[in-house]
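Everything below concerns the one structure shown next.
First listed ligand is number 1; within each ligand, the first listed atom is number 1. All of these numbers come straight from a predicted model, not from anything done at the bench.
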Amino acid sequence: MKIVYTDNNATTKTADEVIQEMLPYFGELYGNPSSMHTFGDKVAKKLIQARQRVADLINADPEEIIFTSCGTESDNAAIYSAINAFPDKKHIITSNVEHPGINKFYEYLQKNRGYEVTYVPVDEKGLLDLDILDKNMSDNTAVVSLMWANNETGVLFPIEKIAKKVNEKGIVFHTDAVQAAGKIPIDVKKAGVDMLSLSGHKIHAPKGVAALYVKKGFKFSPLLIGGHQEQGRRGGTENTASIIGLGKACELARENLSVMNTNVRELRDYLQTRLLEKIESSSVNGDLDQRLPNTLSIGFDAVEGESILLMLDRDGICASSGSACTSGSLEPSHVLMAMKVPFKSAHGSIRFSLSHYNTKAEMDIIVASLVPVIQQLRDMSPFWKNGKMV
Ligand SMILES: *Cc1c(COP(=O)(O)O)cnc(C)c1O
């Protein structure tokens with residue numbers, strides 16, 4: 001059976017061009033880039049190109065890029081470094097819709113290191129309450145960290161505006177741009193961020209490689225203490241092939257940015273319109289405008305997200321539930337809860353996240369599959385009677 005892959009916010013297909021670029025560095029070009037010999041130096045030269053390509057995607061300078069093992073590491077390293085730079089400040093500001101790759105670290109700092117964490121709330125469209133952000137910044141705040149794009153709903157925070165406010169107070173600003181990178185234009189200089197995380201496997205590079213942008217002049221302290229790699233900012237022999245893959249993926253992402261914001265956006269909007277038209281009591285989660293071009297989080301009253309996914313899976317369609325359901329728990333996702341999406345539609349929410357590999361024919365397959373799936377589930381649902389939710 002042919003797969004329809006619409007779970008690109010979870011992970012992406014590694015682009016063929018990326019694999020081709022990586023292959024020699026698994027094979028004949030296995031040298032250590034730190035070695036003194038020409039053989040190792042060949043790899044070092046290729047890493048310089050990769051660093052430049054990553055920097056170019058976000059308008060950074062290459063020496064501002066640190067390669068890491070995953071988005072989670074970039075996020076952790078950024079926060080760790082920010083609090084180390086200001087050891088007397090014991091307050092952190094973030095939002096209540098961040099990714100577990102960062103908010104579990106806040107929980108740790110709160111529980112075990114005596115930090116106070118302010119979670120700025122979002123409204124029912126997933127947009128941040130900027131007044132509450134303003135009111136909570138103080139002399140005791142070590143760092144403000146807010147995601148650029150939400151992985152579940154695609155909702156965008158106004159990062160340039162926020163960075164300006166945070167900079168004015170002289171506080172360090174980090175953004176988790178793992179979902180934003182490659183989908184919307186990013187210019188770290190214009191945005192005025194101090195640190196920014198991105199991850200390879202969300203932009204058609206392989207899993208297990210990522211980057212952290214650190215603005216020149218910032219007093220960075222490494223999370224991984226070891227060798228002199230990454231100018232002493234991250235110990236450990238470089239994951240050469242993957243870093244080279246990340247570089248290529250960033251180059252491709254930059255070339256594909258307009259496709260993402262035209263073709264992919266059109267496909268997403270087409271899917272959204274068809275589903276809202278054909279399935280009653282359905283609604284989109286998140287602001288319709290301030291949103292990534294590839295993401296559709298949609299809720300269906302009186303059904304359960306997990307059941308929808310299982311039935312779509314039988315038709316070869318890969319999507320994701322809004323919930324990061326830990327096994328056994330039936331709580332809807334913390335993101336939809338934070339947006340106060342009514343329980344019954346939050347429960348029946350699923351996420352489609354597209355890439356430039358998707359086609360219009362695939363959107364039609366999804367619609368053709370989902371319409372009867374929702375009907376069947378509603379026929380069995382105790383919350384659905386006579387064509388409406390009870
Ligand atoms: C996927 C993701 C991460 C984590 O990245 P990994 O490379 O999987 O560790 C962090 N933040 C956001 C917003 C993500 O979507």
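Partners of Y25 according to the side chain to side chain contact (heavy atoms under 4.5 Å, CB included) rule, which considers only residues two or more places apart in sequence or in another chain, are L29, V43, K46, A241, I244. N263 pairs by the side chain to side chain contact (heavy atoms under 4.5 Å, CB included) definition with V259, not counting sequence neighbours. The side chain to side chain contact (heavy atoms under 4.5 Å, CB included) test applied to K340 returns no partner, not counting sequence neighbours.
For the pairing with L296, the side chain to side chain contact (heavy atoms under 4.5 Å, CB included) check across L292, I298, N294 returns one residue only, I298.
Among protein residues, C70, G71, T72, D75, H99, M147, N151, D176, V178, Q179, S199, H201, K202 come within 4.0 Å of ligand 1, judged on heavy atoms.
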> Would E230 and R233 satisfy salt bridge (charged side-chain N to carboxylate O under 4.0 Å, His left out), going step by step from the backbone distance to the final call?
Replying inline: CA-CA 5 Å; E230 303 299 305; R233 295 173 299 179; 5.2 Å; no

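Under the 4.0 Å criterion applied to side-chain N and carboxylate O atoms, D61 and K189 are assigned as salt-bridge partners.
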